[in-house]
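Source: prediction; values computed, not measured. We name chains A, B, ... by the order of the sequence lines, and we start the count at 1 in each one.
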Protein chains: 2
Amino acid sequence: MTVSEPDVYDRMCPSRGVLEHVTSRWGVLVLAALRDRGYRFGELRRRIDGVSEKMLAQTLQTLERDGFVHRKAHPVIPPRVDYSLTPLGTEAAELVTGLVEWIERRLPQVESARELHGARREG
Amino acid sequence: MTVSEPDVYDRMCPSRGVLEHVTSRWGVLVLAALRDRGYRFGELRRRIDGVSEKMLAQTLQTLERDGFVHRKAHPVIPPRVDYSLTPLGTEAAELVTGLVEWIERRLPQVESARELHGARREG
DNA sequence: CGGTATCCTGAAGGATACTG
DNA sequence: CAGTATCCTTCAGGATACCG
């Protein structure tokens, strides 16, 4: 395991790193899911469609480290680990789900904008 | 130039694509910048620290296609192109800058959470 | 000035196998 | 079940060159 440096842009503006954790592909979806209730690892994996074990673990670790997610490991066999939002994470999750829900409401407008504009890349 | 398909996850949930355009590394920063006022291409490039010409152009095209950004090309030499937010883009920008500003306010809490947790990866 | 085209590399991230 | 370790592929995105 190699520990990577914060990149140049992070050094110039430390909030960029946090912003990217929270708005990352899987970060958004984890926060949104946990807003409903706490989940076990496997539950989350099934609920968040398409996430790999590796990426889910990585995303949860990053969010835990930033203080957004609380991890509670029960010392039982088979292992049981529950994830939930911290108070800080709850606030973050409200903001990102606000964004997600806004997008879902405005999707028709986005799609008609795309038609007007002519079908081009989906980057 | 190859035009890429929307990937599998986009097909399952079309809002994911829009979410990723808006929360992408440069998308967030473009929306936040344009919230202040309209900018020319070069102005934006200078204002958004670290963005390459290529990525700025690509990001603006994506946001334009989604109906968030308005592009006004003046037929003069040398060329002049102004970018601004559409009404839809203004709403999106408000949500993302809300998130950015929240993160900036909470940064001290995030940093103390990191210290408690012990210094680990910056993924 | 405001792009586009091409090339290239490092990092993100998926598949698989393994473990306590 | 909840991860780690390893390998391998894909792709974001930077560098460079060129153009209207």
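- By the side-chain hydrogen bond (donor to acceptor under 3.5 Å, both in side chains) test, Ser52(B) is found to be paired with no residue, residues two or more places apart in sequence or in another chain being considered.
- Here Arg40(B) reaches the OP1 or OP2 of dG2(C): one of its side-chain N or O atoms lies under 4.0 Å away.
- Residues satisfying the side-chain hydrogen bond (donor to acceptor under 3.5 Å, both in side chains) test with Arg35(A), not counting sequence neighbours, are Thr97(A).
- Rounded to whole Å, the distance from CZ on Arg45(A) to C1' on dG13(C) is 13 Å.
- Shown here are the side chain to side chain contact (heavy atoms under 4.5 Å, CB included) partners of Leu88(B), two or more places apart in sequence or in another chain: Trp102(A), Arg106(A), Gln109(A), Val110(A), Phe68(B), Thr86(B).
- Distance Met55(A) CE to dA15(C) C1': 14 Å, rounded to the nearest Å.
- For dG3(D), the OP1/OP2 oxygens have a side-chain nitrogen or oxygen of Tyr83(A) closer than 4.0 Å.
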Residues 70-78 of chain B, side-chain donor-acceptor partners within the protein, below 3.5 Å, at least two apart:
unit_1	atom_1	unit_2	atom_2	d
Arg71(B)	NE	Tyr83(B)	OH	3.3
His74(B)	ND1	Arg80(B)	O	3.3

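- Between Arg16(A) atom CZ and dG13(D) atom C1' there is a gap of 14 Å when expressed in whole angstrom units.
- Evaluation of the side-chain hydrogen bond (donor to acceptor under 3.5 Å, both in side chains) rule for Arg45(A) yields no partner, not counting sequence neighbours.
- In this view, Val100(A) and Val28(A), Glu104(A), Leu19(B) satisfy the side chain to side chain contact (heavy atoms under 4.5 Å, CB included) rule, not counting sequence neighbours.
- Evaluation of the side-chain hydrogen bond (donor to acceptor under 3.5 Å, both in side chains) rule for Glu111(B) yields no partner, not counting sequence neighbours.
- When the nucleotides dC1(C), dA17(C), dG3(C) are ranked by their closest atom to the side chain of Glu53(A), dA17(C) comes out on top.
- One can place NZ of Lys54(A) at 12 Å from C1' of dT10(D), the figure rounded to the nearest angstrom.
- The C1' atoms of five pairs define one axis at each end of the helix from dC1(C)-dG20(D) to dG20(C)-dC1(D), and these two axes lie 50° apart (to 10°).
- Sorted by residue number, the members of residues 74-82 of chain A with any non-hydrogen atom under 4.0 Å from DNA chain D read Pro78(A), Pro79(A), Val81(A).
- Taking atom CG of residue Leu44(A) and atom C1' of nucleotide dC1(D), one finds them 14 Å apart after rounding to whole Å.
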